[in-house]
Amino acid sequence: MEAVPKNIVFVSSGLHVFGGLESVTVATTNMLVSNDYKVSIIVISNSTVSVFPLHPQIVIKNIDLTFGISQAGNLLSRKVEMIKDFSLLRNEVSLLQPDTVICNEYSFSIALALDRKRKYTLFSWEHAHFSPDKKNWFWSLLTKVAYKKLDGIICLNEDEKRLYQKYNNNVFCIPNFIQYKNTSISALKKINQILSVARLTEAKGIHTLLQVGKLILEKNEKWQWKIIGAGHLQNLILTFIDEHKLHGRLILESASTHHLWAEYEQSSIYVMTSLHERFGMVLLETLSCGTPCIAFDCETGPRHIIKNGENGMLIPLGNLENLREAISFMIQNEVERQRMSALAPESVAKFQVENIFPLWQKLLR
């Protein structure tokens, strides 16, 4: 039988916040440890805290680095900082004597790919959508040079795979996965709640959400819209609620737990207003709970999860009127909503862990 590399090191930007990247990193490392791999995580942060439950056998180490990507200092001092941090990361990785290293940020991948003494297999694991991942000319040049030296690039969908093939011939598609199966899903959801879970930033289309949310709530007095998330637009949302007297109907909450299954189950419609998404873990999770989804058909993730008219609706990117119409249609057409609710869990069955683990197994061989 073909031997598999047993010592895997992940280099991650942090595990201390409730986010999709953090959730997926923990879920994937837990899965590998549960299948007899030895796994370590190097966290590029000043914290080793994980808000998601980590398998006790996972070794977690932290090293606080910036790679000169900051506004501090000047051009020369930032490049000196970059070279120093490249060396520190390489030393930290070498101490763990890995067979395979997987990095989830371009700066980590570049630092290790340009190491001439590297003796392990190296993959970048791309969670950011290709186009919005804008870098300055210097980091763009380093990316083009370094990514050719990687042993492979891991992407989350086939669209991203095609985009990253300009950097490396070995590009692999491994979607994220879910481990939650609700066997008691009912297609009789009559809960008058719309749900959105997102970082409260411009990229998540929060301004659009507020504009459309106001119109929807004004026309549908028995419905409420709950937003769960944190970010720098929090005060904007709270002010909007005050100004338009939407207290108790447009609700903002922060995530207080590492899973939101109860919230998904207590909602009838999920709405995503992101301007770009490479995958959208929250779409998998909410569909598995029988909640149909409405999202912009942004690059590049939602279309790989939402089947228009089957388990939800895809809206042309940025079209507020179409978004409003889709939500109104879902509210007013209960039979259609229940039909999509019944189809939703089965529509994401292919993303269950038992179907995704073999892809990781094949890659690591």
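Everything numeric in this text was worked out from a predicted model, so none of it was measured. FYI, the numbering just counts along the sequence from 1.
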Peer 1: With side chains defined as the heavy atoms from C-beta onward, is the minimum distance between I216 and W223 less than 4.5 Å?
Peer 2: no
Peer 1: Please check if L209 and L283 belong to a single hydrophobic cluster, counting links between Ile, Leu, Val, Met, Phe, Trp and Tyr side chain heavy atoms closer than 4.5 Å.
Peer 2: no
Peer 1: Just wondering, are more than 12 heavy atoms of other shown residues or ligands nearer than 6.0 Å to CD in Q97?
Peer 2: no
Peer 1: So, T300 and N157: side-chain donor and acceptor under 3.5 Å apart, yes or no?
Peer 2: yes
Peer 1: What closest approach, in Å, do L250 and L210 show between heavy atoms, and which atom pair accounts for it?
Peer 2: CD2-CD2, 3.9 Å
Peer 1: Check whether more than 12 heavy atoms from other residues, nucleotides or ligands sit under 6.0 Å from atom CD of E346, and answer yes or no.
Peer 2: no
Peer 1: Out of Y106, W139, Y167, which residue meets the ring-ring contact (aromatic ring centres under 6.0 Å, His included) rule with Y147?
Peer 2: Y167
Peer 1: Would a single hydrophobic cluster contain both V282 and I206, if residues Ile, Leu, Val, Met, Phe, Trp and Tyr are joined by side-chain heavy-atom contacts under 4.5 Å?
Peer 2: no
Peer 1: Got more than 12 heavy atoms from elsewhere within 6.0 Å of NZ, K226?
Peer 2: yes
Peer 1: Does NZ or CZ of K79 lie under 6.0 Å from the centre of the six-membered ring of F138, at an angle within 45° of the ring axis?
Peer 2: yes
Peer 1: Taking all atoms of both residues into account, what is the closest heavy-atom pair of T201 and L233, and its distance?
Peer 2: C-CD1, 3.5 Å
Peer 1: Using modelled atom types and a 3.5 Å cut-off, is there a donor and acceptor pairing between side-chain atoms of R324 and backbone atoms of L215?
Peer 2: no
Peer 1: Check the side chains of T48 and N62 for a donor-acceptor pair under 3.5 angstrom, ignoring hydrogens and angles.
Peer 2: no
Peer 1: Can you see which heavy atom on G14 is nearest to which on E22, and at what distance?
Peer 2: O-CG, 3.2 Å
Peer 1: Looking only at non-hydrogen atoms, find the nearest pair between N168 and V171 and report the distance.
Peer 2: O-CG2, 3.2 Å
Peer 1: For G205, does its backbone N or O pair with a side-chain atom of T273 as donor and acceptor, under 3.5 Å?
Peer 2: yes
Peer 1: Between N311 (side chain) and I305 (backbone), is there a donor-acceptor pair under 3.5 Å?
Peer 2: yes
Peer 1: Give the cluster check for W360 versus V26: same hydrophobic cluster or not, with ILVMFWY residues linked at side-chain heavy-atom distances below 4.5 Å.
Peer 2: yes
Peer 1: Between N176 and H127, do the side chains contain a donor N or O and an acceptor N or O under 3.5 Å apart?
Peer 2: no
Peer 1: Would the number of heavy atoms belonging to other residues, nucleotides or ligands and lying under 6.0 Å from CZ of R199 be above 12?
Peer 2: no
Peer 1: Salt-bridge test for R249 and E221: reply yes if a basic N is under 4.0 Å from a carboxylate O, no otherwise.
Peer 2: no
Peer 1: I'd like to check L317 versus D297 (side-chain heavy atoms, cut-off strictly below 4.5 Å). Are they in contact?
Peer 2: no
Peer 1: Taking D151 first and then R118, would you say they form a salt bridge - that is, a charged N and a carboxylate O separated by under 4.0 Å?
Peer 2: yes
Peer 1: Mark yes when over 12 heavy atoms from residues, nucleotides or ligands other than D242 sit less than 6.0 Å from its CG; otherwise mark no.
Peer 2: yes
Peer 1: Do E202 and H232 get their side chains close enough for a donor-acceptor pair, meaning under 3.5 Å?
Peer 2: yes
Peer 1: Between the side chains of E277 and S274, does any donor sit under 3.5 Å from an acceptor?
Peer 2: yes
Peer 1: Checking the side chain of H244 only, and the main-chain atoms of L246 only, is there a donor and an acceptor separated by less than 3.5 Å?
Peer 2: no
Peer 1: Quick check on K307: does its NZ atom have over 12 non-hydrogen neighbours (other residues, nucleotides or ligands) under 6.0 Å away?
Peer 2: yes
Peer 1: Do L156 and E126 touch side chain to side chain, with heavy atoms closer than 4.5 Å?
Peer 2: no
Peer 1: Specify whether Y264 and W261 have parallel, tilted or perpendicular ring planes, treating 30° as the upper limit for parallel and 60° as the lower limit for perpendicular.
Peer 2: perpendicular
Peer 1: F279 vs F351 aromatic rings, parallel, tilted or perpendicular, using cut-offs 30° and 60°?
Peer 2: perpendicular
Peer 1: Salt-bridge test for E299 and R303: reply yes if a basic N is under 4.0 Å from a carboxylate O, no otherwise.
Peer 2: yes
Peer 1: Are Y270 and V212 linked, directly or through intermediate hydrophobic residues, by side-chain heavy-atom contacts shorter than 4.5 Å (ILVMFWY only)?
Peer 2: no
Peer 1: Looking at every non-hydrogen atom in both residues, tell me the closest pair between C173 and L359 and how far apart they are.
Peer 2: O-CD1, 4.2 Å
Peer 1: Is I241 reachable from I194 through a run of I, L, V, M, F, W or Y residues, each pair having side-chain heavy atoms under 4.5 Å apart?
Peer 2: yes
Peer 1: Which pair of heavy atoms, one from A349 and one from N355, lies closest together, and at what distance?
Peer 2: O-ND2, 3.1 Å
Peer 1: Salt-bridged, E81 to R78, with N to O below 4.0 Å?
Peer 2: no
Peer 1: Measure from the side-chain N and O atoms of D99 to the backbone N and O of K6, and report whether any donor-acceptor pair falls under 3.5 Å.
Peer 2: yes
Peer 1: May I ask you to check whether S77 and N74 show a side-chain donor-acceptor distance below 3.5 Å?
Peer 2: yes
